[in-house]
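This chain uses plain numbering: 1 for the first residue, then up along the sequence.
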Amino acid sequence: MNKLLARGGIEFLAVLLGISGSLWIENNKEKTELEFEKKKVFSLVQKEVGQIISYSEKKIREYNIQTVRIETLRDNWNTFKYDTIADIQGYYEDVWFTYVKGYDPDFTTYEALKSDGRINLLGIDIRKKMGKFYEDYTKWKRVELNENEMRNDLNRYIARNQSNAYKKFPMVNGENFFKFIQLTKGDNSIFSYFTQKSQFAIGRNRRVKDYMVTLFQIKKLIDETIINLER
């Protein structure tokens, strides 16, 4: 009887050890898979943030030129000499079609990770900073729409009140645009519309510079975490 109990105890212990061993192996497997997935997610986000930084630096160079052009025309409205401009078409596009140089970084990876829940692997600090950055970006996309609507308001005003000047110089190219402005520079409403419209673009341009601070903070956190994961 004692032998049977002893043998039963040994068999029970063997089964218990077998189950424990299986659970240990499974837990370690899950942990390894989780670490692998975490490294993959961080690598994907690191790549996307790096691309957004490069894109933003390029846009800032464009915006520096655009802002100077807008402010120069605004501040010298009555005395501006368009025939001294080297690139009339480029100047025209910068001050009139400001939305063409909108800020549109690629958030494909971030949106995909957010959609499938893997964004949680990044940790709270990175998630908060990336979420705030994304939120600010979407707000300024709406501001760009306001700038576009303001230009539409100006076009409607011109159609109602400066149709003769527009007929003479339809603003289909840079030279006509500046000739039209020169002909109607005494119209304070056009100046007001132009100034208000332009402020949206100038505000966006300056805001993108602020974005860079957050982007580099995010990059630093990601880089540091990846180093720790690889140890």
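- Residues Ile181 and Phe169 have side chains not in contact (no heavy-atom distance under 4.5 Å, counting atoms from C-beta outward).
- No side-chain N or O of Asp106 forms a donor-acceptor pair with one of Gln51 less than 3.5 Å apart.
- Under the 3.5 Å distance criterion, the side-chain polar atoms of Ser115 are left unmatched by any main-chain donor or acceptor of Glu111.
- Atoms CG and CG, on Leu44 and Leu121 in that order, are 11.0 Å from each other to the nearest 0.5 Å.
- Contact of the Met130 side chain with the Val49 side chain is registered, since non-hydrogen atoms from C-beta on lie closer than 4.5 Å.
- Here the straight-line distance linking atom CG of Leu154 with atom CZ of Phe191 works out to 12.5 Å at 0.5 Å rounding.
- Residues passing the side chain to side chain donor-acceptor pair (under 3.5 Å) test with Gln89 are Glu93, sequence neighbours excluded.
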Begin from the C-alpha positions of Arg118 and Lys40 and carry the test side chain to side chain contact (heavy atoms under 4.5 Å, CB included) through to its verdict.
CA-CA 10 Å; Arg118 287 185 296 165; Lys40 192 166 89 170; 4.0 Å; yes
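- Taking 4.5 Å as the limit, every side-chain heavy atom of Asp94 sits out of range of all side-chain heavy atoms of Ile70.
- Interatomic distance, Ile119 CD1 to Lys114 NZ, rounded to the nearest 0.5 Å: 8.5 Å.
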Kindly indicate, with the supporting measurements, whether the criterion salt bridge (Lys or Arg N to Asp or Glu O under 4.0 Å) is fulfilled by Glu35 and Lys39.
CA-CA 6 Å; Glu35 289 299 310; Lys39 287 179 182 179; over 6 Å; no
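- Residues Ser163 and Lys167 fail the side-chain proximity criterion, which asks for heavy atoms closer than 4.5 Å.
- Between Tyr110 and Leu122 there is no side-chain heavy-atom pair separated by less than 4.5 Å.
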Steps toward salt bridge (Lys or Arg N to Asp or Glu O under 4.0 Å) verdict (Arg151, Glu147):
CA-CA 6 Å; Arg151 187 179 57 261; Glu147 184 272 334; 3.3 Å; yes
Full working for salt bridge (Lys or Arg N to Asp or Glu O under 4.0 Å) between Lys59 and Glu62
CA-CA 5 Å; Lys59 298 306 290 186; Glu62 292 179 2; 3.0 Å; yes
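- Of the possible polar contacts, one joining the Tyr63 side chain to the Lys101 backbone as a donor-acceptor pair under 3.5 Å is found.
- Atom-to-atom distance recorded for Lys197:NZ and Asn148:CG is 9.5 Å, nearest 0.5 angstrom.
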Side chain to side chain contact (heavy atoms under 4.5 Å, CB included) assessment of Phe178 paired with Asp83
CA-CA 9 Å; Phe178 287 107; Asp83 53 359; over 6 Å; no
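- A donor-acceptor pair under 3.5 Å links the side-chain atoms of Lys185 to the main chain of Asn78, judged by distance alone.
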Take Glu57 and Ile60 through the side chain to side chain contact (heavy atoms under 4.5 Å, CB included) test and state the conclusion after the steps.
CA-CA 5 Å; Glu57 288 173 338; Ile60 286 172; 5.6 Å; no
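- Of the listed residues (Tyr82, Phe177, Trp96, Phe80), just one forms a ring-ring contact (aromatic ring centres under 6.0 Å, His included) with Tyr91, and that residue is Phe80.
- With values rounded to the nearest 0.5 angstrom, Asp125 atom CG is found 12.0 Å from Ile222 atom CD1.
- Between atom CD of residue Glu71 and atom CD of residue Gln66 there is a gap of 10.5 Å, rounded to the nearest 0.5 Å.
- Salt bridge Lys139/Glu135: present, at least one basic N to carboxylate O contact under 4.0 Å.
- Judged by distance alone, the side chain of Asn173 and the main-chain N or O of Asn176 form a donor-acceptor pair under 3.5 Å.
- Checked against the 6.0 Å centroid criterion, the rings of Tyr55 and Tyr103 qualify as a close aromatic pair.
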Under the side chain to side chain contact (heavy atoms under 4.5 Å, CB included) criterion, do Asn152 and Glu149 qualify, and how do the steps go?
CA-CA 5 Å; Asn152 290 337; Glu149 183 56 36; 3.8 Å; yes
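- Taking the charged nitrogens against the carboxylate oxygens, Asp223 and Lys220 have no contact shorter than 4.0 Å, which rules out a salt bridge.
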Throw together a table of side-chain donor-acceptor distances under 3.5 angstrom for residues 209-218, partners on residues two or more places apart or in other chains.
unit_1: Lys209; atom_1: NZ; unit_2: Asn64; atom_2: OD1; d: 3.0
unit_1: Tyr211; atom_1: OH; unit_2: Asp136; atom_2: O; d: 3.2
unit_1: Gln217; atom_1: OE1; unit_2: Lys129; atom_2: NZ; d: 3.1

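- Ring planes of Phe107 and Tyr134: perpendicular class, angle over 60° (limits at 30 and 60°).
- Taking 4.5 Å as the limit, every side-chain heavy atom of Leu113 sits out of range of all side-chain heavy atoms of Glu48.
- For the pair Thr184/Tyr166, no side-chain contact is recorded, criterion being any heavy-atom separation below 4.5 Å from C-beta on.
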